[in-house]
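Data first, discussion second: the structure below is written as structure tokens.
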Amino acid sequence: MAHKKQKMKAKGLADKIFFIVLFTFLVLYVISILGTLFWGLLSSFKSVADIEIKKNVLGLPNPVLSAEELRFSNYAKLLDAFGFTVVNPFYQNGVMVTHYQEVTLGVTLVNTLMFTVITSIENAVLPCMAAYLCVRYPFKVSGFIYSTLLVLMVIPIVGTYPAEIEMLRSLGIYDTMIAYFIQNFNFTGMYFFIFYAYFEGLSTTYYEAAEIDGASQLMIMLKIALPLAFKLIMTIWLLRFIGHWNEYGTILLYMPTQVTLAFVIYRTFISTMNGEHSVGEVTAGCTVLAFPLVIIFICFREQLMGNLTLGGEKG
Amino acid sequence: MSQTKKINKNGMNARRRGHIIFYAALMILPCIQFAIFYFGVNISSILRAFQIYEINYSTGILEKFFTGTRGYSFFYNFKMAIDLFSNNVYVLKNTFLIYFIGLFVSQPICIILSYYIFKKKPLSGFFKVMLYLPHVISGLVFSLLFKYITENVYMVVAKDIFGATVQGILVDPNTRLGGVLFFNVWLGLSGSLLLFSGAMSSVDESVLESAQLDGANIIQEFFYIVLPGIWHTYKQLLILGVAGIFGNQMSLMSLFGIHSDITKEMATIGMFFYLKTYYAGTQIVDGVSYGILSAFGLMMTAIIAPATLLIRRLLDKYGWSTK
């Protein structure tokens, strides 16, 4: 009995140590993440003299050396990051074509909003609609679509950038925002399966009752199915909005003249390598890029962090 | 056929016809897009692997013609792609390095952290929110901040506290790789946190309770109940990890920029391919054309696609059973 008690005590102690170690690790990790972001915010209010001459890398901004920066001068200087011209020469159907775009704050903001809002709507609504149709109408083609998408998720295709770029150039839509909207006008990817699992779990009584009342198929989808899935649509829309807001690699490759905010910050970073911009200016740019998303995260964290499950797929 | 049956049959046919028209009307455009931008692009990629790109400098026109003509061998692009790879074989080492770091470091830590949150230990709710933050804020932001902290802050702290004159972690060639790997692990720790914690929450509570009553400790509970319970989710992630192995760019672009020599020196296959595609924007640069890149992509696909299916097969056969 005593031995059993001792064993239980030892087990309890081992469990406690395990969780204390994890707790410590998590605390350190959170400090590293928040500390990094806070350092960036602080540095955005420091001058070159403060950081690089006085070596004030960790402290608060010096009120004398960084007097102007404390009045957001680093943020104002970000406006100088705009006002450049992007030149994109490429061969289209064998002939050299050059696209030019003068990048201003207005152009950047419009591009950013179009890029993030429209494509994230496509990424959320189209898989939802396709999944609803496949569940609601179990035709053979629905099964074919489901199986095809499942197979495609597992079979990787490497290196289609050149073919895709050439196709866009042949169609005459390379380096345009419309091309990106067309590229995203599909229902492939894991969100289709998330919506599929959701609609599979819904009772069909709603639709049947509506049909009996004389509702058309379009009405049933728009007034019953989509509103029921609205929370999930919003979650996925938010996730994709965040993804597109932060995207710059796609722009560099597919649409170099359709500059967004993330791209401008990336370009500002490139310029820093030649010493054109100070640490304060770059961290100000980081803050501007991160701030809207932090607000979105604070306001919508329950939706963003809701569990998205793939259901019990065995495919 | 009786009149009622006939009416019913006609009614059902009309109803079914209505369903089909509605279904087709909504699905047709996305399906056409899918056909063009998935199947069309992949077929185009195969065709391009057998095309030579040459700039006619007298006319300024880019000419394309098929291999096996004008003195080029049929598999010319594949031969050039193999040469390209042979001259840059280090990309394979970097690719597998970042993959195995993710597999044996990031993912296990992520699972253990998810376990802490699943057990609803102190501040688990707060940690869950904080661990999600790197998903929300751009990797570019973290890259820039990490870069400056490991240079400016690191150098000043090393000098002031340890009296050592050092280079930035990402500047010093001796510490650069470690710095990049650390950055990827640091940001990637929370990668699948929500998926794992979601999967853990589906583990039967009664099984956990009875294990505790039987005297199972945390480690035993974790390995014998929780891990098998999340096996299906973990298996999917393992398969997707293999499938995406040639796409991982190791955050090099955001840490060093696309024009940096460091990016080229430390490139993974994913980064290497992106760089070559970017620089071949006018279709040919340094003798590397879209044709050669397409051939390179096809060869990589021929390797990774069967490997993914094999891994899937092996995991299905030898993985945990929840029965």
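Within every chain, numbering begins at 1; the chains are lettered A, B, ... in the order of the sequence lines, protein sequences first and strands thereafter.
Without hydrogens or angle criteria, Tyr23(B) side chain to Phe139(A) main chain gives no donor-acceptor distance under 3.5 Å. Side-chain N or O atoms of Arg136(A) include none that pairs as donor or acceptor with a backbone N or O of Leu133(A) at under 3.5 Å. In this structure, the side chain of Lys120(B) does not engage the main chain of Ile117(B) through any donor-acceptor pair within 3.5 Å. The main-chain N or O of Ile269(B) is found under 3.5 Å from a side-chain atom of Thr95(B) such that the two form a donor-acceptor pair. Between the side chain of Asn77(B) and the backbone N or O of Gln51(B) there is at least one donor-acceptor pair closer than 3.5 Å. Within the 3.5 Å criterion, the main-chain N or O of Gly215(B) finds no donor-acceptor partner in the side chain of Gln212(B).
Proximity to chain B is absent for every atom of Glu247(A), based on heavy atoms less than 4.5 angstrom apart. Only the side chain of Phe126(B) comes within less than 4.5 Å of a heavy atom in chain A; its backbone stays farther off. At a 4.5 Å heavy-atom cutoff, the contact between Pro134(B) and chain A is made by side-chain atoms alone. Both the backbone and the side chain of Ile36(B) have a heavy atom closer than 4.5 Å to some heavy atom of chain A. Ile296(A) does not touch chain B: none of its heavy atoms, backbone or side chain, sits under 4.5 Å away. Proximity to chain B is absent for every atom of Ser43(A), based on heavy atoms less than 4.5 angstrom apart. For Leu58(A), the part lying near chain B is the side chain, with the backbone staying farther off; criterion is any non-hydrogen pair under 4.5 Å. Of the two parts of Asn184(A), only the backbone, made up of N, CA, C and O, holds a non-hydrogen atom closer than 4.5 Å to a non-hydrogen atom of chain B. Heavy atoms of Ser254(B) lying under 4.5 Å from chain A belong to its backbone as well as its side chain. Within the 4.5 angstrom heavy-atom criterion, atoms from both the backbone and the side chain of Thr160(A) approach chain B. Heavy atoms closer than 4.5 Å to chain B are found in both the backbone and the side chain of Tyr137(A). Using a 4.5 Å cut-off between heavy atoms, Leu240(B) contacts chain A through its side chain alone, with no backbone atom that close. Looking at Glu221(B), neither its backbone nor its side chain comes within 4.5 Å of chain A, counting heavy atoms on both sides. Using a 4.5 Å cut-off between heavy atoms, Ser216(A) does not touch chain B at all. Only the side chain of Phe25(A) comes within less than 4.5 Å of a heavy atom of chain B; its backbone N, CA, C and O stay farther away.
Of the residues considered (Leu238(A), Leu126(A), Ile165(A)), Ile165(A) shows the highest number of contacts with chain B, using heavy-atom pairs under 4.5 Å. Contacts with chain A were tallied for His19(B), Met27(B), Glu63(B), Met130(B); His19(B) has the most, counting heavy-atom pairs under 4.5 Å. Between chain B and the residues Thr287(A), Val95(A), Leu37(A), Thr283(A), the largest count of heavy-atom pairs under 4.5 Å involves Leu37(A). Of the listed residues (Gly297(B), Gly40(B), Cys31(B)), the greatest number of heavy-atom pairs within a distance under 4.5 Å of chain A belongs to Gly297(B). When each of Phe34(B), Phe246(B), Phe37(B), Tyr132(B) is scored by its heavy-atom pairs under 4.5 Å with chain A, the top score falls to Tyr132(B). Contacts with chain B were tallied for Ile155(A), Asn88(A), Leu218(A); Leu218(A) has the most, counting heavy-atom pairs under 4.5 Å. Of the listed residues Ile242(A), Ile33(A), Thr188(A), Leu289(A), the one with more heavy-atom pairs under 4.5 angstrom with chain B than any other is Ile33(A). Interface check for chain A: of the options Thr233(B), Val242(B), Val129(B), Leu309(B), the most heavy-atom pairs under 4.5 Å are formed by Val129(B). Chosen from Leu168(A), Leu293(A), Leu152(A), Ile182(A), the residue pairing most often with chain B at heavy-atom distances under 4.5 Å is Leu152(A). Listed options Gly249(A), Ala290(A), Ala262(A) were ranked by heavy-atom pairs under 4.5 angstrom with chain B; first place goes to Gly249(A).
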(request) Give the intermediate values and the outcome of ring pair (Phe, Tyr, Trp, His ring centres under 6.0 Å) for residues Tyr248(A) and Phe263(A). (result) CA-CA 5 Å; Tyr248(A) 61 94; Phe263(A) 183 85; 7.9 Å; no
(request) Would you sort out whether Tyr161(A) and Tyr290(B) count as a ring pair (Phe, Tyr, Trp, His ring centres under 6.0 Å), showing the intermediate values? (result) CA-CA 9 Å; Tyr161(A) 294 142; Tyr290(B) 276 6; over 10 Å; no
(request) Evaluate the criterion ring pair (Phe, Tyr, Trp, His ring centres under 6.0 Å) for residue pair Tyr180(A) and Tyr254(A); output intermediate values, then yes/no. (result) CA-CA 8 Å; Tyr180(A) 197 66; Tyr254(A) 290 97; 7.7 Å; no
Show every donor-acceptor pair shorter than 3.5 Å between a side-chain atom in residues 151-159 of chain B and any protein atom, with sequence neighbours excluded, or say none if there are none.
{"unit_1": "Glu151(B)", "atom_1": "OE2", "unit_2": "Lys147(B)", "atom_2": "NZ", "d": "3.3"}
{"unit_1": "Lys159(B)", "atom_1": "NZ", "unit_2": "Thr165(B)", "atom_2": "OG1", "d": "3.3"}

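Using bins of under 30°, 30° to 60° and over 60° for the plane-to-plane angle, the ring pair Phe273(B)/Phe296(B) lands in the parallel bin.
For Phe146(B) and Phe142(B), the distance between ring centers is not under 6.0 angstrom.
The existence of a salt bridge linking Lys64(B) and Glu166(A) is confirmed by a sub-4.0 Å separation between a basic side-chain nitrogen and an acidic carboxylate oxygen.
Of the candidates Ile303(B), Ile239(B), Ile245(B), Ile239(B) is the only one forming a side chain to side chain contact (heavy atoms under 4.5 Å, CB included) with Thr308(B).
Within 6.0 Å of CZ in Phe291(A) there are 12 or fewer heavy atoms belonging to other residues, nucleotides or ligands.
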